[in-house]
Structure formats: structure tokens, C-alpha cells
Amino acid sequence: MISLAHIINTFISTVVDVMPIATIIFGFQIAVLRKPIANLLRVILGFFYVILGLSLFLLGLEMALFPLGETMAEQLTAPEFLYSFKDDITTSLGWIDYYWIYLFAFAIGFSTTIAEPSLIAVALKANQVSGGAIGVNGLRVAVALGVAFGISLGSYRIVVGDPIHYYIMVGYVVVIIQTYFAPKLIIPLAYDSGGVTTSTVTVPIVTALGLGLASTVPGRNPVIDGFGLIAFASLFPIISVMAYAQITQWLNSKADSKENENAL
């Protein structure tokens, strides 16, 4: 259990972290705009709720999400677990033997992204400003699939020990090519979709998974190999969202051409 002193220290550190934001907002309102703050008591109460929520969230990360991600990685990479699926226990483990890790990474990446509050907010706003042309659920699923594939590929990289920059370089080459061919409407949203995944729900679990995986796979260094999954989680949603738009555009053009043929 976390002690009362630890809870108080977390709350105080959160206050210190939020103070620069409050100082800038109130400073510009008073010194630059020179207007009184409307509903001051309500704003102060809102800041208190933000600080309280962040404090509880940080405690939750420490008590649940970080230990859970590391524990799952340790259990899924335990030799006794992996060898239980092999016929010959005398052979060494290969990258294919860690397939449960790849499946778990895909599932956890998809589920955490679907639950990401920042992605929900962006999807709702995109649907609103596009007049319904961009579907809320379609965008969320496209981003979630990109994150899921990226984290699975990142987990594979940790298992085999490949340098991360080769994956990132190839990924951004694909992004550049897609940017040229993708509908112009979706390009800025696709780039933003890569950023909204690095938020409150996705980052803690993914980081814990990477550290736990690098700590248990033989020959891996947690400092060198344990980090980098967030880079995959930010890159592949850009690819998946633009691919979603390109596929949708191709299907629509195919349907239009078919209608024109039927009309003739």
C-alpha cells in the first residue's frame, strides 16, 4: 500500500508541475489582455480537480499500470512458459517462439488506443469540422490498428535486437510516399493522429511492456532496447490513417465509376 506521505508528496509535486501552466494563463489574462477572469471560483475549482485527477492518475500508474505491463512481459517471456509450447525443449528459443508477446502487444495497443481520451476528442472534432465526411469510429479503428501493428513490430525488434533507426527510417519513407498520394484532407489529421496516441492511457502500458520485455529477453538491455515502442506507436498510425483514406477514396471512385457505367 502507498503511504499517506507518498500521496501528499505526489499531490505537492503535481501542484508544482501545474503551476507554470496556471501562471502563464493567469499572467496573460491579467497583464496582456487586462480583463478579469470570468467565473474565477469555477476556474480555481477546475484547476483543483485537474491537480487531484493527475495525482490520482500518477498513483494509479505506480500501483497498477506499470507493474501490470512489466509483469505480463515477464510472464509471457518466461522460459518455462515458452518451452511449454515446444516439442523439443533442447532447442534454443527463436523469435517465432515469442508469438504470444506479439499477440499481446497487438491486443494491448489496439485496446488502449480505442480507450484513449485524446483520440476520442480528435475524432469527434474531425467528424464535426468535416461535416461527417470523416467517421468517428472509422478514424479510431484506423489509428488503433496502426498503434497495434507498430507495438507488435516494436516488440519483435526488442526480441531480435535489431537497431531501431532502420525501422523508423523505412517507416517515414513510407509516410513520405503516402503523403504524396493520400487525399489532402486527411494528411494533417493523419500526422496529428500519431501524436494523440502518446497520451495518458497508451504511454504507461506500452512503456512498461517495453521495459519488461527488454529486462526478460536474454541479451537485451532495458536502457538500449526497452525504450522506443512509443516511436512505433506514433509512426504507424500516420501510415494506417492515410491508408484508410486511400482505401476509402479508391472504393468510392470504384463505386462512382460503376454507377456511371450502369447509367450509360
Side-chain angles (χ1 to χ4, degrees), residues 58 60-116 143-176 194-240 243:
L58 291 174
L61 291 182
E62 187 175 347
M63 295 178 64
L65 292 185
F66 277 128
L68 181 62
E70 292 178 358
T71 301
M72 289 296 298
E74 292 173 0
Q75 292 175 345
L76 290 171
T77 55
E80 57 271 18
F81 173 77
L82 295 175
Y83 276 112
S84 65
F85 296 94
K86 291 178 67 69
D87 296 329
D88 186 3
I89 62 174
T90 61
T91 59
S92 59
L93 295 171
W95 66 269
I96 194 65
D97 296 312
Y98 291 86
Y99 63 89
W100 279 114
I101 277 288
Y102 312 140
L103 293 175
F104 175 73
F106 187 93
I108 204 68
F110 186 89
S111 59
T112 54
T113 306
I114 285 292
E116 187 64 66
V143 174
L145 288 175
V147 173
F149 179 80
I151 296 176
S152 296
L153 185 61
S155 299
Y156 165 80
R157 183 200 70 83
I158 294 176
V159 170
V160 299
D162 289 338
I164 188 174
H165 53 276
Y166 293 137
Y167 292 83
I168 301 301
M169 289 167 59
V170 173
Y172 275 107
V173 168
V174 175
V175 168
I176 293 172
V196 298
T197 59
T198 56
S199 190
T200 53
V201 177
T202 308
V203 170
I205 297 182
V206 172
T207 303
L209 174 64
L211 290 174
L213 188 58
S215 300
T216 54
V217 175
R220 301 295 167 260
N221 188 315
V223 177
I224 299 175
D225 302 305
F227 297 95
L229 283 182
I230 302 302
F232 285 86
S234 301
L235 169 62
F236 281 89
I238 304 176
I239 298 175
S240 63

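What you see is a predicted model, and the numbers here were worked out from it, not measured in a lab.
Ring geometry for Phe236 against Phe149 counts as perpendicular: the plane angle is over 60°, on a 0 to 90° scale with 30° as the lower cut.
Atoms CD1 and CG, on Ile114 and Leu145 in that order, are 8.0 Å from each other to the nearest 0.5 Å. The OG atom of Ser155 lies 5.0 Å from the CG atom of Leu209; values are rounded to the nearest 0.5 Å. Residue Tyr172 holds its OH atom at 15.5 Å from NE2 of His165, rounded to the nearest 0.5 Å. Between the CG atom in Leu213 and the OG1 atom in Thr77 there is a gap of 6.0 Å [rounded to 0.5 Å]. Atom-to-atom distance recorded for Ile158:CD1 and Thr216:OG1 is 9.5 Å, nearest 0.5 angstrom. One finds the CG atom of Leu76 at 10.5 Å from the OG1 atom of Thr71 (value rounded to the nearest 0.5 Å).
Under the 3.5 Å distance criterion, the side-chain polar atoms of Arg220 are matched with a main-chain donor or acceptor of Val159. Panel note: side chain Arg157, backbone Leu229; no donor-acceptor pair is recorded below 3.5 Å. A side-chain donor-acceptor contact under 3.5 Å links Ser152 to the backbone of Phe106.
In this structure, Val147 and Ala233 approach most closely via the heavy-atom pair CG2-O, 3.7 Å. Tyr156 approaches Tyr102 most closely through the heavy-atom pair CA-CE2, 3.5 Å. Counting all heavy atoms, side chain and backbone alike, Ile168 lies closest to Ala231 at CD1-CB, 4.0 Å. Here the closest heavy-atom approach between residue Pro237 and residue Gly194 is recorded as CB-CA, 4.2 Å. Between Ala105 and Ile151, the shortest heavy-atom distance links the atoms CB-CG2, 3.7 Å.
Val170 has its side chain out of reach of Tyr166: every pair of non-hydrogen atoms, C-beta onward, lies at least 4.5 Å apart.
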Using the side-chain contact (heavy atoms from CB on, under 4.5 Å) rule, take Val217 and Tyr98 through it: C-alpha gap first, then chi angles, then the decisive distance, then the call. CA-CA 10 Å; Val217 175; Tyr98 291 86; 4.1 Å; yes
